[in-house]
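Here's the structure we're looking at; comments come further down.
Just so we're on the same page: letters track the sequence lines, and every chain starts at 1. Since the model is a prediction, treat every value here as computed from it, not as a measurement.
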2 protein chains.
Amino acid sequence: MLDIAEEAGYRPNRLARGLRRARTGLIGVVVPGIEGQFYARVLEGIEKALQDVDHRVLLTVSRGEQEHELVESLLDMQVDGLIVASEDDGPEFYETLLARGVPLVFIDREVPGLHADLVATDHFAGGALLGEHLRERGFRKPAFLSMTDRPRPIGCIEDRWCGFRSVYRNASLLHHPFMGSVKRYLRERPDAPKPETFSELCLAALRGALEPFQGFPFDAVFAQYDHFALAMIHFLRSHGIRVPEEVGVVGFDDHDFTEYAEPSLTTIRQPLLEIGL
Amino acid sequence: MLDIAEEAGYRPNRLARGLRRARTGLIGVVVPGIEGQFYARVLEGIEKALQDVDHRVLLTVSRGEQEHELVESLLDMQVDGLIVASEDDGPEFYETLLARGVPLVFIDREVPGLHADLVATDHFAGGALLGEHLRERGFRKPAFLSMTDRPRPIGCIEDRWCGFRSVYRNASLLHHPFMGSVKRYLRERPDAPKPETFSELCLAALRGALEPFQGFPFDAVFAQYDHFALAMIHFLRSHGIRVPEEVGVVGFDDHDFTEYAEPSLTTIRQPLLEIGL
DNA sequence: GTGAAAGCGCTAACAC
DNA sequence: GTGTTAGCGCTTTCAC
């Protein structure tokens, strides 16, 4: 006797199949967080692409803490591959994995010192694009507003900065950037009202960044996160500055309310197939 | 001889363990999409809660199409439970699963006709809260702006509407709601410029909704999605209306730039433990 | 072609 | 306690 439609409703146990075939159809994904629109979008793209090839996403959110541990746990679950937006600052851990033959693709951020597959926007090009955007509109003293408190800015921000500066340098226009470590404000002012939401935090950070200046020593702002750009717009407007007539503001690939550089999403799929899944 | 630290770096195969113990530590999650901030947040909350109890999220995005199929595929993977934001409009499918004993929790939306565990914001209370917010600020002719094109509005919107109306009815204030099926605009106007982004779509929808009116026959707007509320604010401002001085705008639990009703996130964890994982 | 057998890596049960 | 065994559900192999 044969299948006979397998008792009219048989569904194979993919777990057992996975064990036997040593291929689970699972792809582990590690992202720092999905509250920001950027990773949410990327994740949505990844899920779509994987669904199309009948794979499933095993999602973990590292929240800047447990990246390695989570990666290990995904490997324990025998994922067929890993997609990681890493916050790691050394190549050792992932080098070990690569040496083990683990299929590994990084997204958004490069791991310093590691030579591996990476899918990310061209931050340099994006920075240059936005620089041109501002220059074309006649802005002459743009500010470059980042929000990191690391000793060195992370690579992608550095790249945007270089791209951005290249435009204003080539045109020999005055540029007045400040790469303020604006989160510092909060640490140095425990007395300030504690920001409850990210929007409030942005505003507090802005206040801190602008405190040393008289008025607004710029006519445009390139904010490294669009959420931050929105806060800036709000801040400027609340000080009676018209946007974008008096001060232009651009952000970067994080949010869909502001100017943006690239979609960065459609490129996700390619390397997955490339890597052989 | 014993473990001897199990060859100094042994990691059990969770797949095999899952097969043997009939418990994988996987929870299947089905959401319609994660580009909107709402489900992204909920997902982040779910992932956190599950991480805390050493479970993993098997994520699928239904995109309004393949809900049942995705659920089946998650069950094939032997998930220990399912968390579903269902767009189903009948109880049959999930009744079968419940009868099978599948641990099932619904989030955000109730499945019509189905009696099952549900975690969601209290939309009635939220609607009432926002109604009071507007009433306290002296707005007398609020508009209730939904964006559905279904024959009947989905339950949660209906609930918000009832909660909202209860406030304005009790106070015997004039109310001027319109539940416009605003997406229609796009279908009826193929000549209009095709919106590329969701923001543009919102604007187009707004134009459609307001077309029948002269000016603005309301002094406040309760938008059902915060993204939509932002579009409204933009729209009003571009017509020279001051917000919120002339027209007040509130949205609902979707976005962190506007007023909001509840967090809706912290409640996610409870029923997961409740259901026994 | 159809059928039987072995084994993926683990753990629960039962032995010593 | 320490060791052995059987079997979770599937697929691959090998035999018929």
Side-chain angles (χ1 to χ4, degrees), chain A residues 1-30 50-60 66 68-82 93 96-104 275-277, chain B residues 1-30 50-60 66 68-82 93 96-104 275-277:
Chain A
M1 54 295 202
L2 254 109
D3 26 25
I4 324 177
E6 290 286 27
E7 285 187 81
Y10 163 74
R11 299 224 122 218
N13 180 330
R14 309 276 293 201
L15 203 68
R17 168 192 291 207
L19 181 59
R20 181 63 243 244
R21 298 217 296 197
R23 291 183 109 257
T24 52
L26 296 177
I27 300 293
V29 173
V30 185
L50 289 176
Q51 208 180 100
D52 289 345
V53 293
D54 196 35
H55 280 232
R56 291 288 98 94
V57 168
L58 207 45
L59 172 70
T60 60
Q66 353 228 6
H68 293 185
E69 204 175 318
L70 288 171
V71 166
E72 296 281 15
S73 86
L74 291 173
L75 291 173
D76 292 346
M77 198 49 92
Q78 311 303 111
V79 293
D80 292 344
L82 279 169
F93 176 73
T96 315
L97 294 190
L98 287 171
R100 260 206 266 164
V102 176
L104 197 49
I275 210 172
L277 271 182
Chain B
M1 51 301 201
L2 254 110
D3 24 27
I4 324 176
E6 288 285 27
E7 286 185 79
Y10 162 74
R11 297 227 124 214
N13 180 330
R14 308 276 295 202
L15 204 66
R17 166 191 292 207
L19 183 59
R20 181 65 242 243
R21 298 217 295 197
R23 291 182 108 260
T24 52
L26 297 176
I27 300 292
V29 173
V30 185
L50 289 176
Q51 209 180 100
D52 289 345
V53 292
D54 197 33
H55 280 230
R56 291 288 99 94
V57 169
L58 206 45
L59 171 70
T60 58
Q66 352 226 6
H68 293 184
E69 204 175 320
L70 288 171
V71 166
E72 295 281 16
S73 86
L74 291 173
L75 290 173
D76 292 347
M77 197 50 93
Q78 311 302 110
V79 293
D80 292 343
L82 279 170
F93 177 72
T96 314
L97 294 190
L98 287 171
R100 260 207 267 164
V102 175
L104 196 50
I275 209 171
L277 269 180

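Whole-Å rounding puts the B/Leu15 CG to D/dG7 P distance at 21 Å.
Test A/Arg11, A/Arg56, A/Arg17 against B/Asp76 for side-chain hydrogen bond (donor to acceptor under 3.5 Å, both in side chains) and you get one pass: A/Arg11.
Salt bridge status for B/Asp54 with B/Arg14: present, with a side-chain N to carboxylate O gap under 4.0 Å.
Remark: nothing in residues 68-77 of chain A comes within less than 4.0 Å of DNA chain D through any heavy atom.
Checking side-chain atoms of B/Thr24 against main-chain N and O of B/Leu19 turns up no donor-acceptor pair under 3.5 Å.
Across all their heavy atoms, B/Met77 and A/Leu26 have their closest contact at CE-CD2, 3.8 Å. Across B/Ser73 and B/Leu70, no two heavy atoms sit closer than the pair OG-O, 2.9 Å.
Within the helix from C/dG1-D/dC16 to C/dC16-D/dG1, the inter-axis angle between the opening and closing five-pair segments is 50°, rounded to 10°.
Counting non-hydrogen atoms of neighbouring residues, nucleotides and ligands closer than 6.0 angstrom, the CD atom of A/Glu72 exceeds 12 such neighbours.
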| side-chain contact (heavy atoms from CB on, under 4.5 Å) between A/Val79 and A/Ile27, intermediate numbers included | CA-CA 5 Å; A/Val79 293; A/Ile27 300 293; 5.9 Å; no
| message | With side-chain contact (heavy atoms from CB on, under 4.5 Å) as the criterion, how do A/Leu75 and A/Leu97 come out once you've worked through the C-alpha distance, each side chain's angles and the decisive distance to 0.1 Å? | response | CA-CA 10 Å; A/Leu75 291 173; A/Leu97 294 190; 3.7 Å; yes
| request: Going 5' to 3' through nucleotides 8-14 of chain D, assign each nucleotide B (protein heavy atom under 4.0 Å from a base atom), S (under 4.0 Å only from sugar-phosphate atoms) or - (no protein heavy atom that close). | output: BBBBS--
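A heavy-atom distance below 4.5 Å is not found between the side chains of B/Gln66 and B/Thr60.
Put simply, CD on A/Gln78 and CG on A/Leu58 are 11.5 Å apart, with the number rounded to the nearest 0.5 Å.
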